[in-house]
Amino acid sequence: MSDEDIYEDITSLEDEPEEVQSDALISEEDFGNLPQDMPIYRLRLTYSRETFHAVWGGEVLRPGNMVLVPTRYGRDLALVIGAVQKKTGQVLQVVTRIERVASPEDLIKAEQHEQQEREAFNICREKIAAHNMDMKLVSVHYLLEEPKILFFFTAESRVDFRELVKDLVSVFKTRIELRQIGVRDESRVVGGLGVCGRGYCCHAVSDKLKPVSIKMAKDQNLSLNSLKISGPCGRLLCCLSYEHLFYGEQRRLIPPEGSKISWDGTTWKVSEVNVVMGKLKLSTEDGRVTQLPVSAFEKDDGRWVVKT
């Protein structure tokens, strides 16, 4: 089977995530009018694991503090991760304002909501089964400052959930919002352990779901076996994207596969490159094979040579 055939078989593992957007951003003009020493904090929505940034002119906030802030879902609590050290243009794109620090009453209310969310989850799942709907409920969340319940679910295609919403409204007597998310988003929300034995990157490291391609797996000399390069979500491993930059930088510093190098009076061909171990395997036409460290090579007048 050719590489092209393999790519066709596993292209379904690739995924283009949607960018997280907010409906309560500070305009560029307002941001420019803020005091230079106004701190910016990185916050996280504990129920969806999404992170964003917000300004706050009050007392210094510490990691672990809970604050009330407008989010794209409505006014709700968010967890303070820490203060932003470098205020870049990227931060500007996702900046909102913290309204206040959470009060003890807010925290008690949030705890009460957790119990209600468990009950709402079971009720919604029963309603989905009753309607025989092809969707999977992922999580439920009660907004703190707005009479609204969020239901996050996954589905293979678009779902007509109008009748389900009517049933839920009749039970909970409040606003209902159903949000369809992708399978990678589900992993980000639920969490778990990856094949490496550590927490999912999307849950424990970053909520920014970067596009991952099969080319990244090939550049890292990984087996193009879907079971080995895909995560529990059924998509390509996030770590392929995180490590891709490292491989790209290292490959520029070493001879690529197929390079021909004159050494010890013989022409050798680079048959294998191990970026992680920092070693190259070379072979000759008469069958001789040797292995040299990356440090043994250098560029001389645009050509790779073995250091003398």
Side-chain angles (χ1 to χ4, degrees), residues 1-7 9-11 13-17 42 82 84-86 88-91 184 193-233 235-308:
M1 181 179 290
S2 67
D3 286 350
E4 288 74 14
D5 293 332
I6 294 175
Y7 292 160
D9 290 342
I10 61 178
T11 49
L13 300 180
E14 296 184 337
D15 193 25
E16 294 290 338
R42 189 180 183 196
V84 175
Q85 301 301 319
K86 295 182 179 180
T88 64
Q90 181 64 24
V91 172
R184 293 181 74 193
L193 296 179
V195 293
C196 60
R198 306 186 66 176
Y200 295 165
C201 292
C202 57
H203 180 84
V205 179
S206 173
D207 66 310
K208 308 307 178 188
L209 301 177
K210 299 180 180 179
V212 188
S213 69
I214 297 167
K215 183 178 182 300
M216 294 177 181
K218 185 181 179 183
D219 289 345
Q220 297 173 33
N221 285 336
L222 297 177
S223 168
L224 298 183
N225 183 323
S226 61
L227 296 178
K228 295 183 178 180
I229 60 175
S230 60
C233 63
R235 297 292 187 268
L236 290 171
L237 292 165
C238 290
C239 53
L240 295 179
S241 176
Y242 300 149
E243 297 167 2
H244 183 65
L245 182 60
F246 164 77
Y247 277 87
E249 292 175 344
Q250 291 300 113
R251 285 186 181 279
R252 285 194 291 271
L253 304 176
I254 58 180
E257 291 182 6
S259 299
K260 292 185 178 181
I261 299 174
S262 295
W263 174 48
D264 197 23
T266 305
T267 298
W268 297 77
K269 181 179 179 181
V270 178
S271 56
E272 184 179 320
V273 176
N274 191 322
V275 175
V276 176
M277 298 297 293
K279 295 180 179 180
L280 280 76
K281 183 180 291 186
L282 294 87
S283 60
T284 62
E285 292 183 354
D286 58 10
R288 285 181 293 166
V289 177
T290 189
Q291 189 168 263
L292 294 175
V294 170
S295 57
F297 299 88
E298 65 179 356
K299 263 193 173 181
D300 182 20
D301 196 22
R303 295 174 61 88
W304 287 103
V305 298
V306 177
K307 296 179 181 178
T308 55

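In this chain, residues are counted from 1 in sequence order.
For the atom pair Ile229 CD1 and Cys239 SG, the distance stands at 10.5 Å (nearest 0.5 Å). Rounded to the nearest 0.5 angstrom, Lys218 NZ and Ser213 OG are separated by 11.5 Å. Between Gln220 atom CD and Tyr247 atom OH the span is 5.0 Å, to the nearest 0.5 Å. Distance check: Asn274 CG to Ile254 CD1 gives 9.0 Å after rounding to the nearest 0.5 Å. Taken to the nearest 0.5 Å, the CD atom of Glu285 stands 10.5 Å off from the OG1 atom of Thr266.
With hydrogens and angles disregarded, a donor-acceptor distance shorter than 3.5 Å links the side chain of Ser230 to the backbone of Ser226. In this structure a side-chain-to-backbone donor-acceptor pair under 3.5 Å is missing from Asp300 to Arg303.
Closest heavy-atom contact between Ser241 and Val212: CB-CG2, 4.0 Å. Residues Val273 and Pro256 come closest through the heavy atom pair CG2-C, 4.3 Å.
Every pair passing salt bridge (Lys or Arg N to Asp or Glu O under 4.0 Å) that includes a residue from residues 255-284 is listed here, sequence neighbours excluded: Glu272-Lys281. Applying the salt bridge (Lys or Arg N to Asp or Glu O under 4.0 Å) test to every pair with at least one member in residues 243-252, sequence neighbours left out, gives no pairs at all.
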- Can you list the steps and then say if Leu224 with Leu222 is a side-chain contact (heavy atoms from CB on, under 4.5 Å)? CA-CA 6 Å; Leu224 298 183; Leu222 297 177; 5.8 Å; no
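With sequence neighbours excluded, the residues satisfying side-chain hydrogen bond (donor to acceptor under 3.5 Å, both in side chains) with Asp219 are Lys215. In this structure, the side-chain contact (heavy atoms from CB on, under 4.5 Å) partners of Tyr242, at least two apart in sequence or on a different chain, are Cys201, Ser206, Lys210, Cys238. For Val306, the side-chain contact (heavy atoms from CB on, under 4.5 Å) partners are Ile261, Trp263, Leu292, Phe297, not counting sequence neighbours. The side-chain contact (heavy atoms from CB on, under 4.5 Å) search around Asp286 returns Thr284, Arg288, not counting sequence neighbours.
Inter-residue side-chain proximity for Val294 and Leu253 is flagged as unmet; no heavy-atom pair is nearer than 4.5 Å. Under the 4.5 Å side-chain criterion, counting only non-hydrogen atoms from C-beta, Tyr200 is in contact with Pro232.
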